[in-house]
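Here is the structure we will look at, set down as structure tokens.
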Amino acid sequence: MTTSWLESAQDSPFGLHNLPYGVFSTAEQPDRRRIGVAVGDFVLDAGAAARAVGAPSVLLDADTLNPLLAAGRPTWTEVRAALTGWLSGEQHRAALSPHLYPVGEVTLHLPFEVADYVDFYASEHHATNLGKLFRPGTEPLTPNWKHLPIGYHGRAGTIVTSGTEIVRPHGQRKAPTDAVPSFGPSRRLDIEAEVAFVVGAGSELGKPVALADFREHVFGVCLLNDWSARDLQAWEYVPLGPFLGKSFATSLSPWVVPLDALEQARVSPPPRDVEPLPYLDDRGGEPWGLDLTLTVRLNGHPISRPPFASMYWTAAQQLAHLTANGASLRPGDLYASGTVSGPEVETRGALIELTWNGENPVKLPDGTTRTFLEDGDTVTITATAPGPDGTLISFGEVTGRIVP
């Protein structure tokens, strides 16, 4: 494995085997946004680094990742190789050192301009649990669930970067015992721990993206919390699905881990008991399950560790289905996995499952309990994946605090 001259990058989950991309600013120049690469305990100003080694790049000098996303896979591979070379070659130490900023001293921003946003529903465990809660006495999964990756189109304009405060949303809510609906702040505010995929190269309208072309279009992976107002959602979602209960805010982690960094994390998806239609049939092709382990913390206390390897539908299948009708892709499109949940209680990725719709409150170390989120609560989601030679890859974190 390639090593770096930067001491803090050795044995770090932000080592040369990772090198995720983000956008940052400094206290000295708060209005100037720059592309950064996380390495060890630092953020490398990628554009300044390129100039310092005599290889200036308009893509790395941008104030958002979108131009790099649009450049396509050959360029992504070339840029990643260049960054690895600069950070491993001792001859570049003097030139690059002035462009390294301690990660704790910079402000991280939304790393790219989100074009369109799609959220899927890919965990069989999550879908089964919600089916049992919402449709007791019937088959938990809907008839279509194992034939296609179910999803909905969300609101790109309310995707916010990690650390943004989340204002408790207002809307209509009607409990089963209420005669009529009322309007007010959500009483059942929830989380959804998810993994998101960032589209780089676009596609032509009318031409679906095949399973085998997943790698050509997806640039990288990040973490996402799809905040959910369950009481608003329960009243409004029939017959058209999620709307105000979801669209008020979706939090995204500031680091985009390149797809190329996740080769050692690739695994086969779980066995499927329904044969997929040809355009979704990944048997015999490249496996695109990913062995990520998420940790969900509420006010600093771990409450769940969802395993992403258990997801029934892969990101490649989701992209193939997303474009199966000819829908086009644009650089900056974002699509999320849906709630990541495993088979055990302690691996469920949403409070509605963890507390079984409020029946079994989560107990916190301070003696308090939660069924759903209260004002002042902070939720943080982190994740790791296996890297080369026993290393770990970190995805950073996505965090948000609830305010009235």
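Numbers here are sequence positions counted from 1.
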With Tyr335, the ring-ring contact (aromatic ring centres under 6.0 Å, His included) member among Tyr121, Phe214, Phe197: Phe197
Check against side chain to side chain donor-acceptor pair (under 3.5 Å), His321 and Tyr279: CA-CA 8 Å; His321 186 65; Tyr279 78 102; 2.8 Å; yes
Heavy-atom side-chain contact between Leu87 and Leu19 under 4.5 Å: yes
Asp190/Arg370 ion pair, N-O < 4.0 Å: no
Sequence neighbours excluded - side-chain hydrogen bond (donor to acceptor under 3.5 Å, both in side chains) pairs with any residue from residues 43-55: Arg34-Asp45, Arg51-Asp61
Worked check of side chain to side chain contact (heavy atoms under 4.5 Å, CB included) between Trp288 and Leu259: CA-CA 11 Å; Trp288 278 112; Leu259 199 64; 4.0 Å; yes
Straight-line distance of Leu294 CG to Leu223 CG, nearest 0.5 Å: 6.0 Å
Distance-minimising heavy-atom pair for Tyr312 and Val274: OH-N, 4.1 Å
Side-chain donor/acceptor pairs under 3.5 Å, residues 111-118, sequence neighbours excluded:
residue	atom	partner	partner atom	Å
Asp116	OD1	Arg330	NH2	3.4
Asp116	OD2	Arg330	NH2	3.1

Ser228 side chain to Gln233 side chain, donor-acceptor N/O pair below 3.5 angstrom: no
Asp213 and Arg73: CA distance, side-chain angles, deciding distance, salt bridge (Lys or Arg N to Asp or Glu O under 4.0 Å) verdict: CA-CA 11 Å; Asp213 293 331; Arg73 174 145 299 283; over 6 Å; no
Nearest atoms (heavy-atom pairs only) where Tyr21 meets Ile35: CD2-CG2, 4.4 Å
Minimum side-chain heavy-atom gap Ile159-Leu334 below 4.5 Å: yes
Any side-chain heavy-atom pair of Ile303 and Leu351 under 4.5 Å: yes
Leu68 backbone acceptor or donor facing Trp76 side chain under 3.5 Å: yes
Residues Glu344 and Arg305 bridged, charged N to O under 4.0 Å: no
Spatial distance of atom CG (Asp231) from atom CG (Asp178) [nearest 0.5 Å]: 10.5 Å
Sequence neighbours excluded, every pair satisfying side-chain hydrogen bond (donor to acceptor under 3.5 Å, both in side chains) that has a member inside residues 6-15: none
Any donor-acceptor N/O pair, Thr250 side chain to Asp226 backbone, under 3.5 Å: no
Value rounded to 0.5 Å, distance of CD in Gln172 from CZ in Phe243: 11.5 Å
Heavy-atom side-chain contact between Val296 and Leu354 under 4.5 Å: no
Any donor-acceptor pair under 3.5 Å from Arg173 side chain to Pro185 backbone: yes
salt_bridge(Glu286, Arg215) N-O dist < 4.0 Å: yes
Expected output: side-chain Thr391 to main-chain Pro388 donor-acceptor under 3.5 Å: yes
Contacts of Asp273 that satisfy salt bridge (Lys or Arg N to Asp or Glu O under 4.0 Å) - sequence neighbours left out: Lys146
Reported NE2-to-OG1 distance for the pair His125 and Thr339, which is rounded to 0.5 angstrom: 13.0 Å
Set of side chain to side chain contact (heavy atoms under 4.5 Å, CB included) partners for Val103, sequence neighbours left out: Val43
Salt bridge (Lys or Arg N to Asp or Glu O under 4.0 Å) involving Arg283 - partner list, sequence neighbours excluded: Glu275, Asp281
Atom pair CG (Leu110) and OG1 (Thr64), whose distance is rounded to the nearest 0.5 Å: 8.0 Å
Pairwise distance CG(Leu373) to CD1(Ile166) - rounded to 0.5 angstrom: 10.5 Å
Of Lys132, Arg230, Arg188, the residue whose pairing with Asn357 passes side chain to side chain donor-acceptor pair (under 3.5 Å): Arg188
Main-chain N/O of Arg32 paired with Ser25 side-chain donor or acceptor, under 3.5 Å: no
Validation row: His17, Gln264 side chains within 4.5 angstrom (heavy atoms): no
Partner of Glu194 by side-chain contact (heavy atoms from CB on, under 4.5 Å), out of Val398, Asn225, Leu252, Asp119: Asp119
Sub-4.5 Å side-chain heavy-atom contact between Phe14 and Pro20: yes
Candidate pair Thr161 and His109, rule side chain to side chain contact (heavy atoms under 4.5 Å, CB included), full reasoning: CA-CA 6 Å; Thr161 192; His109 304 278; 5.6 Å; no
Stepwise side chain to side chain contact (heavy atoms under 4.5 Å, CB included) check, Thr369 with Thr355: CA-CA 10 Å; Thr369 61; Thr355 69; over 6 Å; no
Side-chain donor/acceptor of Ser123 to backbone N/O of Ser341, under 3.5 Å: yes
Trp227 side chain near Val379 side chain, heavy-atom distance below 4.5 Å: yes
Close side-chain approach of Leu244 to Pro169, heavy-atom, < 4.5 Å: no
Polar side-chain atom of Arg401 near backbone of Thr378 as donor-acceptor pair, under 3.5 Å: no
Evaluation steps, side chain to side chain contact (heavy atoms under 4.5 Å, CB included), between Ile191 and Leu298: CA-CA 10 Å; Ile191 64 166; Leu298 176 55; over 6 Å; no
Expected output: side-chain Arg266 to main-chain Pro287 donor-acceptor under 3.5 Å: yes
Working for side chain to side chain donor-acceptor pair (under 3.5 Å), residues Gln318 and Trp313: CA-CA 7 Å; Gln318 290 168 341; Trp313 295 106; over 6 Å; no
